[in-house]
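Read through the structure below, which is laid out as structure tokens, and then see the notes.
All ligand and atom numbering here is 1-based and tracks the order in the structure. The structure displayed is predicted, hence computed values, not measured ones.
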Amino acid sequence: MNFELTKEQEMTRKMVRDFADGVIRPRAIEIDVNAEFPKDIFDEMGKLGLLGIPFPEEYGGSGGDTVSYALAVEEIGKVCGSTGLSYAAAVSLGASPLYYFGTEQQKQQYLTPLAKGETLGSFGLTEPNAGSDAGGTKTRAVLEGDQYVINGEKCWITNAKYADTITVTAVSGKREDGRNIISAFIIPRDTPGMKISSPYEKMGVRGSNTCEIILEDVKVPKENILGDPQGGFKQFLHTLDGGRISIAALAVGIAQASLDKALAYAKERKQFGKPISDFQAIQFKLSDMAMEVELARNMVLKSAWLKDQKKSFTKESAYAKLFASETAFRSANQAIQIHGGYGYMREYEVERYLRDAKLLEIGEGTSEIQRLVIARQLGC
Ligand SMILES: Cc1cc2nc3c(=O)[nH]c(=O)nc-3n(C[C@H](O)[C@H](O)[C@H](O)COP(=O)(O)OP(=O)(O)OC[C@H]3O[C@@H](n4cnc5c(N)ncnc54)[C@H](O)[C@@H]3O)c2cc1C
């Protein structure tokens, strides 16, 4: 067994780390405070090829692998959860379904500009009454002549305001057994009838753009159906399996940042005449944080590696997402505790880590849903 990264993976990590430290870190507080989507940072990330890491060069990608992509998400997440979430969603949700399921024409037309970072993509699955039960979608697509007419509503869609390509799921018919057929449709940004709301006010990941999408008689040509018209349900399950690796990587980034800040502070802060890192109660917190970050990272990299090897990774990506997101929340909480009152102040950043980490226990399948996925994989 080889736990070493390849030369390319090391290079990607270093390049993203340098970019994150130099360009994103100095902006992280203002991105959170102003709830400001950093469009200019995404333009630069596009030029560096970060939006296309896991896609082949023939579709505008960098020809990297899932492990490299996970390392990139971790590095960005370590400095800014908002940028990390929008990055993970752009690649895993906006672009990946087009790569997995798109026709050659769809890949050329829609995936290539996304992978080059010239545009951003979004994935609209969740609705006001269909969250964990995403198969319960109420959005409808009706075939009229050569085009589908789509009506419905999607909520909490990441990057929607800045996306040029939005893929949405909708019921497109009924099976013989009466169950709904779900299909996915590619909707270009300026399609009449698609309205994107102002961003929601959020607790954390505040600089990640999140909007509602209203679809009123939105017409798209038949060719805009993504892959198998009957396969929308399976498509989104597979897309979410992959997306979970990136949410887990983002969680590792936040957990590592929490540990780094807490350790540095503990060595510096003196009470009772000595650094608080001399107290065993603080040491034990730091030990647990360090161990959990490393375990979470190992699970992320294992699930990414399995995906790269084209082996089954459904259970492992659920393990990674569940464990890493809960680790991030615990680590951020402990980092605040180690900082005492200072930790409660915005300036010290650890309170932002906690607010950002909370989202990771909810988005792309809540912790409860991850436990359900794992139980199903166990044969329950
Ligand atoms: C900031 C943000 C960004 C997002 N970005 C996107 C995006 O880009 N695209 C997109 O499609 N969606 C997105 N979402 C939506 C997200 O995926 C959903 O919020 C999530 O899947 C949970 O759905 P829900 O909020 O409707 O909760 P619900 O499904 O209503 O769940 C409520 C509670 O019930 C629990 N629960 C539900 N069913 C079960 C069950 N069977 N067993 C046990 N417990 C259960 C849940 O775990 C949860 O605790 C985003 C959400 C947020 C907050």
Side-chain angles (χ1 to χ4, degrees), residues 31-32 35 37 73 77 80-98 114 120-139 152-163 165-170 182 184-187 196-215 226 232-233 235-244 246-248 250-251 254 317-318 321-322 325-326 328-329 352 355-376 380:
I31 287 171
D32 173 63
F37 179 78
V73 178
C80 179
S82 293
T83 309
L85 179 68
S86 276
Y87 172 56
V91 176
S92 294
L93 302 182
S96 291
L98 298 163
L114 293 176
L120 284 179
S122 287
F123 187 63
L125 180 66
T126 307
E127 300 181 4
N129 292 309
S132 300
D133 180 15
T137 178
K138 299 278 182 292
T139 297
E153 189 180 344
K154 299 285 172 181
C155 60
W156 309 322
I157 306 306
T158 303
N159 297 336
K161 195 111 204 155
Y162 296 87
T165 308
I166 300 181
T167 304
V168 302
T169 51
I182 296 177
F185 297 87
I186 305 167
I187 310 183
I196 297 169
S197 73
S198 308
Y200 296 95
E201 265 291 331
K202 303 195 295 296
M203 165 187 178
V205 290
R206 288 167 47 78
S208 173
N209 176 260
T210 322
C211 296
E212 180 187 36
I213 302 177
I214 306 285
L215 303 149
L226 179 65
F233 190 78
Q235 286 174 0
F236 77 66
L237 290 182
H238 182 78
T239 301
L240 292 176
D241 280 349
R244 280 167 192 155
S246 62
I247 295 295
L250 175 53
I254 295 177
S317 63
K321 201 276 188 181
L322 175 59
S325 60
E326 295 193 349
F329 190 79
R352 186 182 86 233
R355 289 186 286 107
D356 289 353
K358 185 60 206 169
L359 182 268
L360 309 179
E361 296 180 333
I362 298 171
E364 293 198 39
T366 61
S367 291
E368 291 77 11
I369 295 304
Q370 302 312 313
R371 288 186 167 89
L372 274 184
V373 170
I374 295 165
R376 280 195 197 125
C380 298

Per-atom contacts, ligand 1 versus [X] - under 4.0 Å to a heavy atom:
| X | result |
| --- | --- |
| Ile362 | 19 (O), 20 (C) |
| Phe123 | 7 (C), 8 (O), 9 (N), 10 (C), 11 (O) |
| Ile157 | 7 (C), 8 (O), 9 (N), 10 (C), 11 (O) |
| Gly131 | 23 (O), 24 (P), 26 (O), 29 (O) |
| Lys202 | 1 (C) |
| Leu359 | 1 (C), 2 (C), 52 (C), 53 (C) |
| Glu364 | 17 (O) |

Considering heavy atoms of the protein only, find what lies nearest to [atom] and give residue, atom and distance to 0.1 Å.
| atom | answer |
| --- | --- |
| atom 8 (O) of ligand 1 | Thr158 N, 3.0 Å |
| atom 39 (C) of ligand 1 | Ile369 CD1, 4.0 Å |
| atom 25 (O) of ligand 1 | Trp156 CZ3, 3.2 Å |
| atom 41 (N) of ligand 1 | Leu372 CD1, 3.6 Å |
| atom 49 (O) of ligand 1 | Glu368 OE1, 3.5 Å |
| atom 36 (N) of ligand 1 | Ser132 OG, 4.3 Å |
| atom 48 (C) of ligand 1 | Thr366 CG2, 4.1 Å |

Backbone N or O of [Y] within a donor-acceptor pair of the [X] side chain at under 3.5 Å?
| X | Y | value |
| --- | --- | --- |
| Ser122 | Thr158 | yes |
| Asp356 | Gly204 | no |
| Gln235 | Leu226 | yes |
| Arg355 | Met203 | yes |
| Thr126 | Gly131 | no |
| Lys321 | Gly365 | yes |

Pairwise distance OG(Ser208) to CG(Asp32) - rounded to 0.5 angstrom: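 Answer rounded to 0.5 Å: 11.5 Å.
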Side chains of [X] and [Y]: closer than 4.5 Å at any heavy-atom pair?
| X | Y | value |
| --- | --- | --- |
| Ile157 | Thr210 | no |
| Thr366 | Gln370 | no |
| Ile187 | Thr165 | no |

Give the contacting part of Thr126 toward ligand 1: side chain, backbone, both or neither, where contact means a heavy-atom distance below 4.0 Å.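 Near ligand 1, Thr126 shows its backbone as well as its side chain.
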Please report whether ligand 1 has a polar contact with Leu125, defined as an N or O pair separated by less than 3.5 Å (distance criterion only).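 Among all N and O atoms of Leu125, at least one is under 3.5 Å from an N or O of ligand 1.
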Contact (N/O only, under 3.5 Å) between Val205 and ligand 1: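 No, there is no polar N/O contact under 3.5 Å.
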Run the side chain to side chain contact (heavy atoms under 4.5 Å, CB included) test against Thr139 and tell me which residues pass, sequence neighbours left out.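 Residues passing side chain to side chain contact (heavy atoms under 4.5 Å, CB included) with Thr139: Glu127, Thr137, Ile150, Lys154, Ala170, Leu215.
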Can you confirm if the NZ or CZ of Lys358 lies within 45° of the ring axis of Phe329 and under 6.0 Å from the centre of its six-membered ring?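 Cation-pi check for Lys358 and Phe329: passes.
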Within 4.0 Å of [atom] (strictly less), any protein heavy atom?
| atom | value |
| --- | --- |
| atom 4 (C) of ligand 1 | yes |
| atom 15 (C) of ligand 1 | yes |
| atom 19 (O) of ligand 1 | yes |

